[in-house]
Amino acid sequence: MMTGMVRRALEDAVQTALKTLGLDLRLKVAKAPKDKPGDYGVPLFALAKELKKPPQAIAEELKGRMELPPFVEEAIPVGGYLNFRIRTEALLEEALRPKTPFPEREGLVLLEHTSVNPNKELHVGHLRNIVLGDSLARILRFAGRKVLVLNYIDDTGRQAAETLFALRHYGLTWDGKEKYDHFAGRAYVRLHQDPDYPRLQEGIEEVLHALERGELRGEVNRILLAQLATMRALNAHYDLLVWESDIVRAGLLEKALGLLEKSPHVFRPEEGKYAGALVMDASPFIPGLEDPYFVLVRSGGAATYYAKDIAFQFWKMGLLEGLRFRPYENPFYPALRTSAPEGEPYTPRAQETINVIDVRQSHPQALVRAALALVGREDLARGAFHLAYETVLLEGRQMSGRKGLAVSVDEVLEEAKRRALKVIEEKNPDHPEKEKAAGEVALGAIRFAMAKTEPRKQIDFRLDEALSFDGDTGPYVQYAHARAHAILRKAGSWGQPDLAKATPYERALALALLDFEEAALESAEEKTPHILAQYLLDLAAAWNAYYNAKEGGRPATAVLTAEEGLRELRLALVESLQKTLSTGLGLLGIPAPEVM
């Protein structure tokens, strides 16, 4: 009997055998190609130079030295690979085992995502950040990590100040017809298109200072609440809100600078272009810099945003204290807590942090890690991870919030729902809950489109492609789940499966089910949901191939009409598949509809 993680068990066995050849290496085991014998295999070409032998000879020798795990029927040297065939009974037992979360591990992971300026509605560019962060939080929890999700509210930033100024300056009052963040966003765009904009700076500065004193929090909160409605509609979850004005008032920046100034790498040059400024020399930690000096405090006394990022990171990892939290009143997230001057003191002391910020912020994020190392905490610097992602195009176009060239997330959700409803009405006119299903399909389409691509590749988001029931889309995986559910609904209850009656078709489906936990764990380790998303596409494809299999023009894998023992085996596999798809979609924050 196996205990999950088949590939890892094989990799362990290969690694142990390689040690007897004098090599301490871990090679990746992957699925064997369909036209080759065996289920999994490991390529040995990379070892030919070192061992001065052809890959096929290495495969033969490795086979002789390997202690095979008990679930392996045989090892097969073929074309420079060593392949492994799994015992059919062990394979089926493993495929039918419930997929439960991994045991909890020590240590807190603090994951920051979304962190949208509270000045206007969310646009499509924000979608990727939210989906990456929220999916990764779910995957990490499944992998046994304790995760706290933080959303940073930059209420002392220029964008928030400009929106509040514009609302006052143009004497705008909200009539309640449109969402408040859209109303506020139109004022922001109008200000940036106003020919008088350069002459209005003094008024904007006044609002900025009032925000820093925490005086206009209620007005910012009104915009934030409207934004949170969108985040909730995207099925994203948060544990903490941290307001920048609270960081300013708690004096975290001064405390962080106090820690940094003890380092020999932080100083005030007396001459040259940095004279009088507080600078950090990052060269010991970021090699190859043209100019290794980074300004933390300008000569005039103003802190740079590098310094603010560093101070916040120090708080996250427990090097500084000073923030207080209380429950946050809102209709979307009952357990959400917010920083507030009158709250209870709290410091997360995270061993690991993940900041989901686009790839253009890679440099400041590297400085944050360098600052941790400068204060003698290389361990924490290693635990600070920047999940960098590329931008999102919409139907091939770049977006800009300032110019008003952006499409809001609310509009995309509405349009996706409208199109999904049309598809459902065509495909299933008798659907009992068309509206609900359309909402689930729309959410599945949008979130999957953002999760399935490697973060460092640009996404060109096109609604028609994302909503397709065929191809590499969320609705394709959701439809596979609904199809499995329909069979189980008709079946009612069933008895014991007879594993001995398995055909090659059941074997192939079981093999596809085997890699779920592996994919979830790899997604957690690599800190990207695209690995799990791609696995779910492969699993849905394997299920469709099984469902549609024909022999001599007749269905080869009928479930409900199969002979006794085989019927039960097929039902048990379909149930395992349905639950695995449902769990996997859930880890991507996507609903798994029972009827589509």
Side-chain angles (χ1 to χ4, degrees), residues 112-136 151-152 154 159 163 178-186 188-189 192 223-224 226-238 356-361 387-420 438-468 471-475 528-530 533 588-590:
E112 183 193 329
H113 71 82
T114 306
S115 305
V116 175
N117 286 316
N119 73 316
K120 64 199 300 292
E121 72 282 7
L122 278 68
H123 65 69
V124 174
H126 299 126
L127 268 176
R128 192 170 197 181
N129 185 311
I130 293 170
V131 172
L132 281 173
D134 186 66
S135 304
L136 188 55
N151 188 348
Y152 186 83
D154 184 4
Q159 283 92 337
T163 293
E178 66 182 325
K179 255 178 97 232
Y180 190 74
D181 51 348
H182 289 252
F183 165 73
R186 284 196 299 115
Y188 174 79
V189 172
H192 275 272
I223 300 171
L224 174 62
Q227 292 180 331
L228 283 170
T230 306
M231 297 169 202
R232 187 71 200 86
L234 284 170
N235 198 19
H237 289 268
Y238 307 92
V356 185
I357 313 178
D358 80 42
V359 71
R360 290 168 294 194
Q361 294 294 318
L387 175 46
Y389 61 90
E390 264 296 346
T391 50
V392 176
L393 304 176
L394 181 66
E395 311 284 348
R397 286 177 49 221
Q398 279 282 10
M399 289 166 289
S400 156
R402 198 167 284 147
K403 296 180 184 147
L405 293 173
V407 177
S408 74
V409 173
D410 297 314
E411 287 170 81
V412 171
L413 273 166
E414 273 307 306
E415 178 64 14
K417 191 173 174 181
R418 200 178 59 73
R419 293 192 198 186
E440 292 180 338
V441 170
L443 184 61
I446 290 166
R447 286 195 61 135
F448 200 88
M450 294 295 143
K452 72 176 182 184
T453 304
E454 211 175 313
R456 284 181 178 270
K457 289 183 178 161
Q458 192 173 57
I459 290 177
D460 184 5
F461 181 64
R462 296 176 184 265
L463 255 182
D464 271 352
E465 286 173 19
L467 279 161
S468 168
D472 53 349
T473 69
T528 165
H530 83 274
L588 299 178
I590 294 174

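- For the residue pair Thr230/Asp410, the side-chain donor-acceptor check at 3.5 Å is satisfied.
- Every ring-ring contact (aromatic ring centres under 6.0 Å, His included) that Tyr152 has, sequence neighbours left out, goes to Phe312.
- Electrostatic pairing of Glu390 and Arg128 does not count as a salt bridge here, judged by no charged N lying under 4.0 Å from a carboxylate O.
- Taking every heavy atom of both residues into account, Ala442 and Ala420 meet most closely at N-CB, 4.4 Å.
- Within the 3.5 Å criterion, the main-chain N or O of Ser468 finds a donor-acceptor partner in the side chain of Thr473.
- Qualifying side chain to side chain contact (heavy atoms under 4.5 Å, CB included) partners for Arg418, counting only residues two or more places apart in sequence or in other chains: Glu415.
- Between the CD atom in Glu414 and the CZ atom in Arg419 there is a gap of 13.0 Å [rounded to 0.5 Å].
- Atom CG of residue Asp154 and atom CG of residue Asn119 lie 9.5 Å apart, to the nearest 0.5 angstrom.
- Within a 6.0 Å sphere centred on CZ of Arg456, other residues, nucleotides and ligands contribute 12 heavy atoms or fewer.
- Salt bridge Lys179/Asp181: present, at least one basic N to carboxylate O contact under 4.0 Å.
- Judged by distance alone, with hydrogens and angles left aside, the side-chain atoms of Asn129 form no donor-acceptor pair with the main-chain N or O of Asp358 at under 3.5 Å.
- No side-chain N or O of Lys120 forms a donor-acceptor pair with one of Ser408 less than 3.5 Å apart.
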